**Student:** 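Please see the structure below; I have some questions.
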Amino acid sequence: MRTLEELLKEGTLLLKKADIEEARLDAWLLLEYTAGKDRAYYYAHPEEMTDEETEKEYLALCRKRAEHIPLQHLTHRADFMGYEFYVDGRVLVPRQDTEILAEEALKILKDMEDPDILDMCTGSGCLVLSLLMEIPGARGTGADVSAAALDVARENAARLGVDNRAEFVESDLFSGEYFRQKSRTEQHKYDMLISNPPYIPTAEIEELMDEVRFHDPVLALDGREDGLWFYRRISEEAPSWLKDGGWILYEIGHSQSARVEAFLRDAGFAGVRTVKDLTGLDRVVLGQKM
């Protein structure tokens, strides 16, 4: 058996040899996950002996991480907007860049009374669920073509205690039965549509880092030939599903701003603009239905 310190050193070395970019951090997070010890405890007791079961589980997870399986798929934890979400190979791992989209949405929603939100291509549900956590009176619908992803989103809604205000529906954009039923009767309209759709051009997927191209679901990445297919389709149909004065917000790839802005203007949206992320890259495009 090894001490906590010895185990951490072994895990770090294993990940460094596999060219994991943040080897020590990932080794530490896996140790925290398996041993159940936080940093304060570790630094106070580095010589504490670990039990055989912990050691075995930890090294097994380090070996999987060395295969470039995302850390979050191993711990089934991903932080987004200060909340912890369950994730696995069925969904795209929530990324910090996407918090810009959530933050811009909150700036608008905070002035609305009991807003109704549609999250198109919802995946893990992290976007719409974070908004529901921040706005107690809000209700949200998450739509996705992947039934497997929707199972993850529903689990996250239950874990966060907002499943009574969240609905998740299987639909290829607006073509699913949920939207067909609403269009046949009195059409339900939303205060906001948010979306982080697939926006990687098909040919570029092979160039992505191993953690993404081998382990994130291709459905959540592939934006078709030019990466803009989903923006075109959603922009064309979104006005029918938004209230007058309602908003649409997209996450975009850093080179897609001009084209996505044009889609929204062509669809009749006003006040169309782009918001940059903390590194100065274009990250969010938004507009308002007038």
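Position 1 is the first residue of the sequence, and the numbers go up from there. Everything quoted here is computed from the prediction, not taken from an experiment.
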**Student:** With the threshold set at 4.0 Å, does a side-chain nitrogen-carboxylate oxygen contact exist between Arg180 and Glu177?
**Tutor:** yes

**Student:** Is it possible for you to say whether Leu127 and Tyr86 belong to one hydrophobic cluster, with membership spreading through side-chain heavy-atom contacts below 4.5 Å?
**Tutor:** no

**Student:** Please name all residues satisfying side-chain hydrogen bond (donor to acceptor under 3.5 Å, both in side chains) with Arg232, sequence neighbours left out, ordered by chain then number.
**Tutor:** Asp226

**Student:** Is the closest basic N to carboxylate O distance between Arg65 and Asp26 below 4.0 Å?
**Tutor:** yes

**Student:** Regarding Arg159 and Glu155, does a basic nitrogen lie under 4.0 Å from an acidic carboxylate oxygen?
**Tutor:** yes

**Student:** Within the structure provided, determine whether Leu249 and Met192 are in side-chain contact (heavy-atom separation under 4.5 Å).
**Tutor:** yes

**Student:** Looking at residues at least two apart in the chain, or sitting in another chain, which of them share a ring pair (Phe, Tyr, Trp, His ring centres under 6.0 Å) with Tyr250?
**Tutor:** Tyr231

**Student:** Rounded to the nearest 0.5 Å, what separates atom CD in Glu167 from atom CG in Asp116?
**Tutor:** 9.5 Å

**Student:** List the residues meeting salt bridge (Lys or Arg N to Asp or Glu O under 4.0 Å) with Glu134, not counting sequence neighbours, and say none if there are none.
**Tutor:** none

**Student:** Identify the two heavy atoms, one from Trp241 and one from Glu237, that lie closest to each other, and give their separation to 0.1 Å.
**Tutor:** CD1-O, 3.3 Å

**Student:** For the side chain of Gln288 and the backbone of Ala270, is there at least one donor-acceptor N/O pair under 3.5 Å apart?
**Tutor:** no

**Student:** Tell me, do Ser171 and Val145 make a side-chain contact under 4.5 Å, heavy atoms counted?
**Tutor:** no

**Student:** Can you tell me how far apart CG (Leu7) and OG1 (Thr3) are? Round to the nearest 0.5 Å.
**Tutor:** 8.0 Å

**Student:** Show, in sequence, the C-alpha distance, side-chain angles and deciding distance for Leu281 and Lys276, and conclude whether the side-chain contact (heavy atoms from CB on, under 4.5 Å) test is met.
**Tutor:** CA-CA 5 Å; Leu281 296 175; Lys276 296 183 182 296; over 6 Å; no

**Student:** Is a side-chain N or O of Asp51 found less than 3.5 angstrom from the main chain of Thr54, in a donor-acceptor match?
**Tutor:** yes

**Student:** Between CG of Leu4 and CD of Glu47, what distance do you get to the nearest 0.5 Å?
**Tutor:** 9.0 Å

**Student:** Between Asn156 and Ser124 (side chain of the first, backbone of the second, donor and acceptor by atom type, cut-off under 3.5 Å), is there such a pair?
**Tutor:** yes

**Student:** Side chains of residues 27-38: which donor-acceptor pairs under 3.5 Å do they make with residues two or more places apart or in other chains?
**Tutor:**
residue : atom : partner : partner atom : Å
Thr34   : OG1  : Leu30   : O            : 2.9
Thr34   : OG1  : Leu31   : O            : 3.3
Asp38   : OD1  : Ala40   : N            : 3.3
Asp38   : OD1  : Tyr41   : N            : 2.8

**Student:** How far does CG of Leu25 sit from OG1 of Thr12, to the nearest 0.5 angstrom?
**Tutor:** 9.5 Å

**Student:** With salt bridge (Lys or Arg N to Asp or Glu O under 4.0 Å) as the test, would you mind laying out the steps for Glu67 and Arg63 before giving the verdict?
**Tutor:** CA-CA 7 Å; Glu67 296 172 4; Arg63 293 186 190 99; over 6 Å; no

**Student:** Does a donor on one side chain and an acceptor on the other come within less than 3.5 Å for Ser146 and Asp144?
**Tutor:** no

**Student:** Linking I/L/V/M/F/W/Y whenever any side-chain heavy atoms sit under 4.5 Å apart, do Val275 and Phe80 land together?
**Tutor:** yes

**Student:** Do the side chains of Asp88 and Arg90 get close enough for a salt bridge, i.e. N-O under 4.0 angstrom?
**Tutor:** yes

**Student:** Taking all heavy atoms of Phe263 and all of Ser235, pick out the closest pair and write down the distance.
**Tutor:** CB-OG, 3.8 Å

**Student:** For residues 99-112, which side-chain donor-acceptor pairs fall under 3.5 Å, sequence neighbours excluded?
**Tutor:**
residue : atom : partner : partner atom : Å
Glu99   : OE2  : Met81   : N            : 2.9
Glu104  : OE2  : Lys107  : NZ           : 2.9

**Student:** Report the C-alpha distance between Thr50 and Glu48 in whole Å, list the side-chain angles of each, state the deciding distance to 0.1 Å, and finish with yes or no for side-chain contact (heavy atoms from CB on, under 4.5 Å).
**Tutor:** CA-CA 7 Å; Thr50 58; Glu48 180 177 302; over 6 Å; no

**Student:** Shared ILVMFWY cluster between Ile252 and Leu286, side chains joined below 4.5 angstrom?
**Tutor:** no

**Student:** Could you walk me through whether Lys289 and Phe269 pass the side-chain contact (heavy atoms from CB on, under 4.5 Å) test, one step at a time?
**Tutor:** CA-CA 5 Å; Lys289 178 183 173 182; Phe269 286 92; 4.0 Å; yes

**Student:** Heavy atoms only: give me the nearest Val91-Gly123 pair and the separation to one decimal.
**Tutor:** CG1-C, 3.9 Å

**Student:** Taking only residues two or more places apart in sequence or in another chain, which ones pass salt bridge (Lys or Arg N to Asp or Glu O under 4.0 Å) with Asp151?
**Tutor:** Arg154

**Student:** Name the orientation class of the two ring planes belonging to Phe179 and Phe174 (parallel below 30°, tilted from 30 to 60°, perpendicular beyond 60°).
**Tutor:** perpendicular

**Student:** Using 0.5 Å steps for rounding, measure from the CE atom of Met120 to the CD1 atom of Ile248.
**Tutor:** 9.0 Å

**Student:** Is any side-chain heavy atom of Val87 closer than 4.5 Å to a side-chain heavy atom of Pro94?
**Tutor:** yes

**Student:** Measure across Asn164 and Arg139 and return the closest heavy-atom pair with its distance rounded to 0.1 Å.
**Tutor:** O-NH1, 3.3 Å

**Student:** How about Asp119 and Thr141: do any of their side-chain heavy atoms sit closer than 4.5 Å?
**Tutor:** no

**Student:** Suppose we screen for side-chain hydrogen bond (donor to acceptor under 3.5 Å, both in side chains). Which residues come up paired with Glu5, at least two apart in sequence or across chains?
**Tutor:** none

**Student:** For a 4.5 angstrom cut-off between non-hydrogen side-chain atoms, does Phe230 reach Leu228?
**Tutor:** no

**Student:** A side-chain contact here means heavy atoms from C-beta on lying under 4.5 Å apart; do Phe85 and Leu129 qualify?
**Tutor:** yes

**Student:** What's the shortest heavy-atom distance between Thr274 and Ser257, and which atoms?
**Tutor:** OG1-OG, 2.6 Å

**Student:** Under 4.5 Å between side-chain heavy atoms, counting indirect links through other Ile/Leu/Val/Met/Phe/Trp/Tyr residues: same cluster for Ile194 and Tyr190 or not?
**Tutor:** no

**Student:** Any chance you could measure His73, atom NE2, to Leu71, atom CG, to the nearest 0.5 Å?
**Tutor:** 10.0 Å

**Student:** Tell me, with the steps shown, if Ile234 and Leu193 meet side-chain contact (heavy atoms from CB on, under 4.5 Å).
**Tutor:** CA-CA 10 Å; Ile234 295 172; Leu193 188 159; 4.0 Å; yes

**Student:** Looking at residues at least two apart in the chain, or sitting in another chain, which of them share a salt bridge (Lys or Arg N to Asp or Glu O under 4.0 Å) with Glu57?
**Tutor:** none

**Student:** Residues two or more places apart in sequence or in another chain: which of them pass salt bridge (Lys or Arg N to Asp or Glu O under 4.0 Å) with Arg2?
**Tutor:** Glu10, Glu55

**Student:** Which residues pass the ring pair (Phe, Tyr, Trp, His ring centres under 6.0 Å) test with Tyr178, not counting sequence neighbours?
**Tutor:** none

**Student:** Do Val93 and Arg95 come within less than 4.5 Å of each other through their side chains, counting heavy atoms only?
**Tutor:** yes

**Student:** Assess, by modelled atom type and distance only, whether the side chains of Asp172 and Ser175 contain a donor and an acceptor separated by less than 3.5 Å.
**Tutor:** no

**Student:** Using side-chain heavy atoms (C-beta onward) and a distance below 4.5 Å, is Leu8 in contact with Arg24?
**Tutor:** yes

**Student:** According to a hydrophobic-cluster definition based on side-chain heavy atoms being under 4.5 Å apart (Ile, Leu, Val, Met, Phe, Trp, Tyr only), do Leu150 and Ile117 belong together?
**Tutor:** yes

**Student:** In the hydrophobic clustering that connects Ile, Leu, Val, Met, Phe, Trp and Tyr at side-chain heavy-atom distances below 4.5 Å, which members other than Met49 occupy its cluster, ordered by chain and number?
**Tutor:** Met1

**Student:** Does Lys243 have any side chain to side chain contact (heavy atoms under 4.5 Å, CB included) partners at least two apart in sequence or in another chain, and if so, which?
**Tutor:** Lys189, Asp191

